[in-house]
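Below is one structure; the comments refer to it alone.
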Amino acid sequence: MSPAVVHAIREAVSGCNWAIGVYFVLTNTFYAMLLTSAALYLRGANQAKAFSSRLCGSNFAPTVSILLPAYNEAVVISDSVHALIDLHYPNLEVVVVDDGSTDTTFEILSRTFDLQRIPSLFENRIQTSEIIGVFRSRSYPNLLVARKKNGGKADALNAALNIASGELVCAVDADTLVDADALKTMVRPFLMSEDVVAAGGTVLVANACVVKRGRVAEGHVSKKLLAGIQTVEYLRAYIFGRVGWNWLGGNLIISGAFGLFSRAALLDIGGYSRDTVGEDAELIFKLRRWSYDHGKQWTVHFVPDPVAWTEVPERLKVLRSQRDRWQRGLADAMWRHRRLFGNPRYGALGLFVIPSFLFTELLAPVIEASGLLLLTVGLWLHAVDTRFALLFFLVAYGYGVVLSLATVLLETMTYERYSGAGDGARLWLWALFENLGYRQLTVWWRLHGMFRFLRGRKDWKTVPRGGFDLTPKALTKGAGQHG
Amino acid sequence: VQRLLIAISVFEAFIIAMTTFALFAIQLWRHTKRRRVAFSERAAYEALCSLAVNGVGDQTTITRLRALPRYAQLQVIIATSDSFGGGHLGRLRDVANRLGLTEKSEAWARSTAWRNRLRAARLISAIGAAEARFDGLLADSNFLVRAQAAEWRADWSSSSILLVTSMLDDACRLCRIAAQDAVLRIGPAAIEPLAQFLNNNRGKSLGAALRVAAKLSDCRFLPVALCYAADSDDGNRAAAAHVLAAIGGDAASEAVITLLEDASALVRIAALAALKKLACWPAAKQVALCLHDPAWAVRKEAALVLLSFGSPGVLMLRCFAQEYDSDVASIALETLATGVAAGANT
C-alpha cells in the first residue's frame, strides 16, 4: 500500500473516530439527562406514595380485563390463572385465550376451573383466527376462556381484546409473576388523567426470588453471572430508561410482560400487529401515532413501582436469541413508523423522542461496533495513540459503571425490592461487571438482529425457560426454585 | 485531550467511590434502624390492638408509641384505624391527641406544600380528627388531597355531605370515585343532598352521581331519574336507566322500555341491562325487536336479556332463529344452542 493511501486511510479513520467521540459525548449527556429526570420524578412519586391506595381498589374503579394468551402452557397455566384471579382488585375479569395448544392446556383449565360453554357473542372488531368456543368458569364467574385456532401471540391478544368487556385491559405473559397490588398501582395514572391510554410498570428479574403461591415473596439478586448482570440491566432500563422518559416526551416502550391499556384505544388502532416480532413495541408507536393523526391528546405513562417479575435467560444461546428478537422488533417498529422521524406534525414525538430512540437505542449497536472496529484499525495504522485509546476505554467503562451504580442507588433509596442480606453487594458487583464483556456481547447480538431484520427475517424462536417451581411440594415448602 | 480524559476518569472514579459509599451506608443504616423500629412498632401495634379490642389501653400505650419516630407513629395509627369501629374511633383520636399528632396535622393542613396537606388528610380522615380543618381539605386545590379527605371515617356534618356530593362533578376521576365511595358510606343521610345535587345540576354530565344513586337504590331518586332519562346527554340517560332499574316499579319499567328506542346505542344497551335487572319479561317483544338493531353490542345484549327472561324470551329467540336475516338468526341460534344447554345443565 502506498504511503499516500495509508495516509488517506489514517485521516479517514481519525475523522470517524472523532465523529464517534462526539456521538459518545452527546449520548452520555442524554443519559445523564434521563437519569436526572428519573431521580426528580422518583422523588415526587415516592412522596405521593403516601396517598392511600384504597381508592384505586374502590368498587367504582374501572373494570380491568387481564388478557392471558396461552400456547402449550399446561405446566404453569393453572397456577398463573389462580394468581391472576387472586389479584387485589375489585372489578376484575380474566380472559385466557388458548391459542390452539397441542398439549393439555385447555383440558387442565376446563377441569380446574369447571368451565361451561357460553354463547360466543362478541363483536369481531379485530380480525383473528377462528374462535372455536367461549367458556365461563362456574367457580370463578369472572374467568373467561376462549379456545381458538393457532395464530400467534398477537392474534391471541386481539381475540382476547374482542372478547374482553373491561374498560382497561392488561396484557400479561403466562410466566409473569404479578404483585398482588399491581393493578391498584397501575390504574392510578388512568384515574388521575383522562388522557392516559397506556401505562407500563417496572418488571424485575425473579430468577433467585422466593416465590409463594404464584407471587414473589422475597426479592433476591441472583448469584449467577448472566442473571445477576441482567438484574442490573433491567433496573437501569426501567428505572432511568423509562421513568426518565415520563418527563421528556413520553414513553415508546411498554413491556409485553405487563402493561395496562385503554381497551377502546386499542380497538380504535386495530389492536396488535400480527406480522411483527415486537408487537409490544409496535403497539405503543401505533398508539402515539394514531393519537397525533386524529388530534387526540393521548399519553403513555410509566409507573416506576415494581409490579411484575420475570425469569431471564441464564444461557448465552437463549439470551442471544431474545436480544436478537428485541432488536428486530424495535427495528421493525421504527421502520413501519419512519414517517414520524423529524416530522414537526408529530410534535415532540417526531422531533425529539423518535430521533433519540433511533440514535440511542436502534443505531447504538451499529455505532458502538463501528467505534470498536475503527479504534482497532486506528491502532493498527498508528492513526490513534494507544494511550488515548486506553484512556477512552477507561472513560467509557467508568461512565457505564456510574450510570449502573446510580440506578442501583436510586432503587435502594426508593423501592428496595432486593433487600436480602448481601443483595446490595451483589448488585454493586454486577454493576461493575456489566460493562466488561457483557455489554459488548449484547452489542454483537443486537447487530446480528439488525442484520437479520435487513434480510427480512421475522421468525420468533421460543425462549425456553427454567420456570418457577410451583408444584404443591414447593408451595408448601414456601420456596420457589429456579432452574 | 488526554489530560481531559484523565481528569474525567478521576472524576468518574470519585463518583463511583461516593456512590458505593452511599449505597452501603444506606443499607447499613436501614438495617440497624429497621431492626430497632420494627421491634418498637410491633409493641405499638399490640398496644393499639388491645385498645381496639378491649376498649382499655395498656398503661404503656403512649409510651410505646412515643418510642417511635413520627412517621412510624402516623403509619401505625393509620394502619390500625380500620380495626376501630365508628364508636371506638374516639379512643384512637385520644391517643393521637396525646402524641401531639392532631395538633401537628392541623399545622400540616394549613401548609402551602400539598404533600404536607396530603399527610394531614391521611391522618385526619383515618381517625376523624381536626373536624374544623376537614371541609377545607375537601375543597383543596390539589386533587390528591381532596380524594384523600373524602375517606373521612367519622360522622359527616351536613356541610361536609354537601361538599362531598359536589365532588361527584369533579374534573378528576379519582376525586369522583372518592366521592362515590364516601356517599355510599354515608348512606341514607346522603340521599336527600344527592337528589338535591342532581336536581340543581341539570345539563351537566353527572354519570358518577347517577351511578352512586343506583347503588343507593332509593325511591326518592325516581323523579330525578325520570328527568335524567330524557336528558340530552347520552351518559346521563344511560346512567338514569340503571337508577330506574335499581328503584323498580311500573313507572321505572315504562321509562326504561321507552329508552329502547333511544338514538344512542349506549343508552339502548343500558336500557336492556336495566330490563334484565327488572326481570321485565312482558317487554320480551320490544327486546326481541332489538335483535334487528344496527349496533352489534345492542343485538348481543338483547339476545342475552331474552335468555334471562326464561320461557317468554326463549320463545322469542326461537322465532327469530328462523328469520331470513342471517345475522339475527345466527345470534338467536348461538344463544339458544349454548345458553339453553347451560341453563339445563345448571
Side-chain angles (χ1 to χ4, degrees), chain A residues 21 44 47-48 50-52 54-56 58-62 116-125 133-136 138 187-188 190-194 385 387-388 390-402 404-406 408-409 412-413 416 419 421 423-425 427-428 431-432, chain B residues 1-2 5-6 8-9 11-13 15-16 19-20 22-24 26-27 30-31 74 78 115 118-119 121-122 125-126 143-145 147-148 150-151 171-178 180-181 184 208 211-212 215 296-297 299-301 303-304 307 331 334-339 341-342 345-346:
Chain A
Q47 281 164 330
F51 174 70
S52 157
R54 206 179 298 170
L55 278 179
C56 302
S58 155
N59 279 318
F60 292 100
Q116 172 191 36
R117 193 171 179 140
I118 59 165
S120 297
L121 297 179
F122 54 86
E123 197 171 8
N124 225 9
R125 282 190 64 182
V134 182
F135 305 80
R136 189 183 288 283
R138 282 195 186 94
V187 90
R188 222 187 290 154
F190 291 89
L191 300 184
M192 290 180 182
S193 166
E194 312 267 347
D385 181 36
R387 201 166 159 221
F388 172 83
L390 280 174
L391 277 172
F392 187 78
F393 178 76
L394 199 66
V395 167
Y397 169 74
Y399 197 78
V401 174
V402 166
S404 298
L405 281 181
V408 170
L409 186 66
T412 310
M413 286 165 71
E416 209 193 0
S419 55
D423 281 335
L427 280 176
W428 178 82
L432 294 187
Chain B
V1 174
Q2 287 191 7
L5 289 178
I6 290 170
I8 294 173
S9 305
F11 182 66
E12 282 174 353
I15 299 277
I16 291 171
T19 319
T20 306
L23 190 65
F24 287 101
I26 287 173
Q27 292 215 327
R30 278 207 179 144
H31 184 67
L74 268 176
I78 290 167
R115 290 183 183 104
L118 180 62
R119 207 180 297 168
R122 281 196 83 193
S125 62
F143 66 93
L144 281 177
V145 179
Q148 183 66 67
E151 285 198 27
C172 173
R173 188 173 182 183
L174 188 70
C175 292
R176 294 202 296 274
I177 290 180
Q180 284 176 306
D181 270 345
L184 209 55
R211 269 190 293 279
V212 78
K215 291 260 183 193
W296 193 91
R299 298 204 293 274
K300 169 203 165 185
E301 194 65 31
L304 294 174
L307 191 66
I331 285 185
E334 175 69 22
T335 314
L336 282 169
T338 45
N345 286 340
T346 49

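Protein chains get the first letters and strands the later ones, always in sequence-line order, with residue 1 at the start of each.
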Side chain, backbone, both or neither of [X] within contact of chain A (heavy atoms, under 4.5 Å):
{"X": "Leu74(B)", "value": "neither"}
{"X": "Ala171(B)", "value": "backbone"}
{"X": "Phe11(B)", "value": "neither"}
{"X": "Gln180(B)", "value": "both"}

Which residue out of Ile8(B), Val212(B), Leu5(B), Ile26(B) racks up the most heavy-atom pairs below 4.5 Å with chain A?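 Of the options given, most contacts go to Leu5(B).
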Picking from Ile331(B), Ile6(B), Leu23(B), which has the most non-hydrogen pairs under 4.5 angstrom with chain A?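 Max contact count across the listed options: Leu23(B).
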Can we say Arg299(B) and Glu334(B) salt-bridge, meaning some charged N sits less than 4.0 Å from an Asp/Glu carboxylate O?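 Result for this pair is no, no salt bridge flagged.
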Sort out for me which of Leu394(A), Leu409(A), Val401(A) touches chain B most, counting heavy-atom pairs under 4.5 Å. Leu409(A)
Under the criterion side chain to side chain contact (heavy atoms under 4.5 Å, CB included), I'd like the reasoning laid out for Met192(A) against Phe143(B): C-alpha separation, chi angles, the key distance, then a yes or no. CA-CA 8 Å; Met192(A) 290 180 182; Phe143(B) 66 93; 3.5 Å; yes
Starting at CG of Asp423(A), measure out to OG1 of Thr412(A) and round the result to the nearest 0.5 Å.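 Here the interatomic distance stands at 10.0 Å.
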Can any side-chain N or O of Tyr397(A) pair as donor or acceptor with the backbone N or O of Leu432(A) at less than 3.5 Å?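 Yes; judged by distance alone, with no hydrogens or angles, the pair exists.
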Any donor-acceptor N/O pair, Ser125(B) side chain to Arg122(B) backbone, under 3.5 Å: yes
For [X], is it the side chain, the backbone, both, or neither that has a heavy atom closer than 4.5 Å to a heavy atom of chain B?
{"X": "Ala425(A)", "answer": "both"}
{"X": "Asp385(A)", "answer": "side chain"}
{"X": "Val134(A)", "answer": "neither"}

Closest non-hydrogen atoms of Pro62(A) and Arg173(B), given as atom of the first, atom of the second and distance, are CB-NH2, 3.6 Å
As a quick check of understanding, evaluate side chain to side chain contact (heavy atoms under 4.5 Å, CB included) for Lys215(B) and Phe60(A), giving each step before the final call. CA-CA 10 Å; Lys215(B) 291 260 183 193; Phe60(A) 292 100; 3.9 Å; yes
